[in-house]
Amino acid sequence: MQYEAPETTKAAVGLLAKAKGSAYVLAGGSDLLVRMKGGFVEPDLVVDIKRIKAMREVKKTASGFVIGAAVSCAEVNENKALIKAWPGVVEAAGLIGSKQVQSRCTMAGNLCNASPAADSVPALVAAGAKAVVQGPKGKRKVAVEDIPVGPGRNSLKKGELIEAIELPARKGKSGDAYLRFIPRTEMDIAVVSAGVSLTLGDKGVIKDARVALGAVAPTVRLVKEAAKAIIGTKLDEAALEKLGKAASAACSPIDDKRGTIEFRTKVAAVLAKRAAQIAYKRAGGK
Ligand SMILES: Cc1cc2nc3c(=O)[nH]c(=O)nc-3n(C[C@H](O)[C@H](O)[C@H](O)COP(=O)(O)OP(=O)(O)OC[C@H]3O[C@@H](n4cnc5c(N)ncnc54)[C@H](O)[C@@H]3O)c2cc1C
């Protein structure tokens, strides 16, 4: 196995593009190294991105935040500007594994690993985040929800990697939240999860919203009907009821020992409603 730790994105893309056998990006390694140790993957080439300076920074720009692909979830958790603008995204990153795992793992790795239960992904989808993809043909920006295409599979082409994740700037009264259900208090995989982001207009009326669900389908799902149910409302009981129904209707989960189809479908509604209430409060709604 060849191990490389390039210092620029261009060099990383060059290595991945030229690779003959199986090539993997290594960020925190909290998924990749586990899979290698288990013998599930045997890479011919591993490209470590942690020495690429541009991927190690969180930048605040006029249009929002650019979070480098090698920024750890622990660093995300300590970034005061991010906590203020996107508390839901930060709390999702802060739920991954343990402090030890968070000191290594990244949100880009969480996204590329493409688990339907990945914690940061519903929060990023609700936030309208974009992945900055670099590859042999140049740069493209992809909506985060379009990166995972199935359990363990993503839409990146040969030679491509994610350089950064972009979060939009927060306008006016906005808030987001992420909740997951796990049978234990921590160190477990989401049985169901929900991310909600919303913006208020006049008098506390919701003018914009995005709702995403995790672990209820092969990929994290953006539920437009659930957002529609609360836009134009002050999140009254009727709107919450409609939101819950839309969330449940969007579920097509698996039935396993961690949760039945019935349980996941029901809890999706509960979590979507609770996350919306938290996001609404954070946006300044009463
Ligand atoms: C003990 C333990 C507990 C965990 N708990 C949770 C949990 O609660 N919630 C949760 O969601 N996950 C959990 N995980 C899984 C894992 O920690 C997360 O998915 C993490 O975010 C992966 O990030 P990473 O940087 O370590 O990815 P890596 O392992 O480095 O990479 C993961 C995959 O993505 C690819 N990749 C990484 N970065 C890029 C990039 N920039 N461009 C293209 N491809 C890339 C890699 O090639 C690999 O296939 C846990 C793992 C462990 C070991």
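None of the values given here were measured: they were computed from a predicted structure. The first residue in the sequence is number 1, and the count goes up from there. Note that ligands are numbered from 1 as they come in the structure, with each ligand's atoms numbered from 1 the same way.
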Participant: Before accepting this row, confirm whether a basic side-chain N of the pair R264/D255 lies closer than 4.0 Å to the acidic partner's carboxylate O.
Facilitator: no
Participant: Looking at ligand 1, does any of its N/O atoms fall within less than 3.5 Å of an N/O of A108?
Facilitator: no
Participant: Name the closest protein heavy atom to atom 42 (N) of ligand 1, giving the residue it belongs to and the distance to 0.1 Å.
Facilitator: I162 N, 2.9 Å
Participant: Below 4.0 angstrom from a heavy atom of M187, which ligand 1 atoms are there? Numbered from 1 as shown, please.
Facilitator: 1 (C)
Participant: Rounded to the nearest 0.5 Å, how far apart are CG of N113 and CD1 of I147?
Facilitator: 13.0 Å
Participant: Ion pair present between K245 and E225, side-chain N to carboxylate O less than 4.0 angstrom?
Facilitator: no
Participant: Would you call E145 and R221 a salt bridge, taking side-chain N to carboxylate O under 4.0 Å as the test?
Facilitator: no
Participant: How far is atom 8 (O) of ligand 1 from its nearest protein heavy atom, and which residue and atom is that?
Facilitator: G97 N, 3.0 Å
Participant: Between D119 and R180, is there a salt bridge with N-O shorter than 4.0 Å?
Facilitator: yes
Participant: What residues, two or more places apart in sequence or in another chain, satisfy salt bridge (Lys or Arg N to Asp or Glu O under 4.0 Å) together with K84?
Facilitator: none
Participant: Identify the protein heavy atom lying closest to atom 53 (C) of ligand 1, giving its residue, its atom name and the separation to 0.1 Å.
Facilitator: S30 O, 3.4 Å
Participant: Please tell me whether Q100 and Q102 have a donor and an acceptor in their side chains that are separated by less than 3.5 angstrom.
Facilitator: no
Participant: Taking only heavy atoms of A69 into account, list the atoms of ligand 1 that are under 4.0 Å away from them.
Facilitator: 41 (N)
Participant: Distance to 0.1 Å, residue and atom name: give those for the protein heavy atom nearest to atom 50 (C) of ligand 1.
Facilitator: V101 CG1, 4.4 Å
Participant: With heavy atoms under 4.0 Å as the rule, classify the contact between R180 and ligand 1 as side chain, backbone, both or neither.
Facilitator: side chain
Participant: Check contact between L111 and ligand 1, using heavy atoms of the residue and a distance below 4.0 angstrom.
Facilitator: no
Participant: Looking only at heavy atoms of L156, does any of them come nearer than 4.0 Å to an atom of ligand 1?
Facilitator: yes
Participant: Is there a nitrogen or oxygen of T106 sitting under 3.5 Å from a nitrogen or oxygen of ligand 1?
Facilitator: yes
Participant: Have a look at E160 and tell me which of R140, K137, Q134 forms a side chain to side chain donor-acceptor pair (under 3.5 Å) with it.
Facilitator: R140
Participant: Checking side-chain contact (heavy atoms from CB on, under 4.5 Å) between I83 and each of V89, V90, V76, N77, which is the one that passes?
Facilitator: V90
Participant: Among side-chain atoms of E262 and T265, is any donor-acceptor pair under 3.5 angstrom?
Facilitator: no
Participant: Out of all atoms in ligand 1, which are within 4.0 Å of some heavy atom of A118? Include the element for each.
Facilitator: 11 (O)
Participant: Give the residue and atom name of whichever protein heavy atom lies nearest to atom 28 (P) of ligand 1, and the separation in Å to one decimal.
Facilitator: G29 N, 3.4 Å
Participant: Could an N or O of ligand 1 be found under 3.5 Å from any N or O of Y24, whether backbone or side chain?
Facilitator: no
Participant: Going by distance only, is there an N or O of D31 that falls short of 3.5 Å from an N or O of ligand 1?
Facilitator: yes
Participant: Among all protein non-hydrogen atoms, which one is nearest to atom 39 (C) of ligand 1, and what is the separation to 0.1 Å?
Facilitator: V25 CG1, 3.5 Å
Participant: Within the 3.5 Å criterion, strictly below it, is a donor on R282 or S197 matched to an acceptor on the partner's side chain?
Facilitator: no
Participant: With a 4.0 Å cut-off on heavy atoms, is M55 in contact with ligand 1?
Facilitator: no
Participant: Could you list the atoms of ligand 1 found under 4.0 angstrom from a heavy atom of I49?
Facilitator: 41 (N)
Participant: Looking only at protein heavy atoms, which one is nearest to atom 14 (N) of ligand 1, and how far off is it?
Facilitator: I96 CG2, 4.2 Å
Participant: Of all the atoms in ligand 1, which lie at a distance below 4.0 Å from a heavy atom belonging to G28?
Facilitator: 24 (P), 25 (O), 26 (O), 30 (O)
Participant: Looking at K130 and D146, is there a salt bridge between them, counting it only when a charged N and a carboxylate O are closer than 4.0 Å?
Facilitator: no
Participant: Give the minimum heavy-atom separation between A23 and L16, together with the two atoms involved.
Facilitator: CB-CD2, 4.0 Å
Participant: Please could you name the atoms of ligand 1 that L95 approaches to less than 4.0 Å, counting only its heavy atoms?
Facilitator: 8 (O)
Participant: One thing to verify: whether K53 and E7 come together as a salt bridge, which I'm taking to mean a side-chain N less than 4.0 angstrom from a carboxylate O.
Facilitator: no
Participant: Considering the heavy atoms of D188, write down every atom of ligand 1 situated less than 4.0 Å from one of them.
Facilitator: 8 (O)
Participant: Starting from atom 36 (N) of ligand 1, which protein heavy atom do you reach first, and at what distance in Å?
Facilitator: C112 CB, 3.7 Å
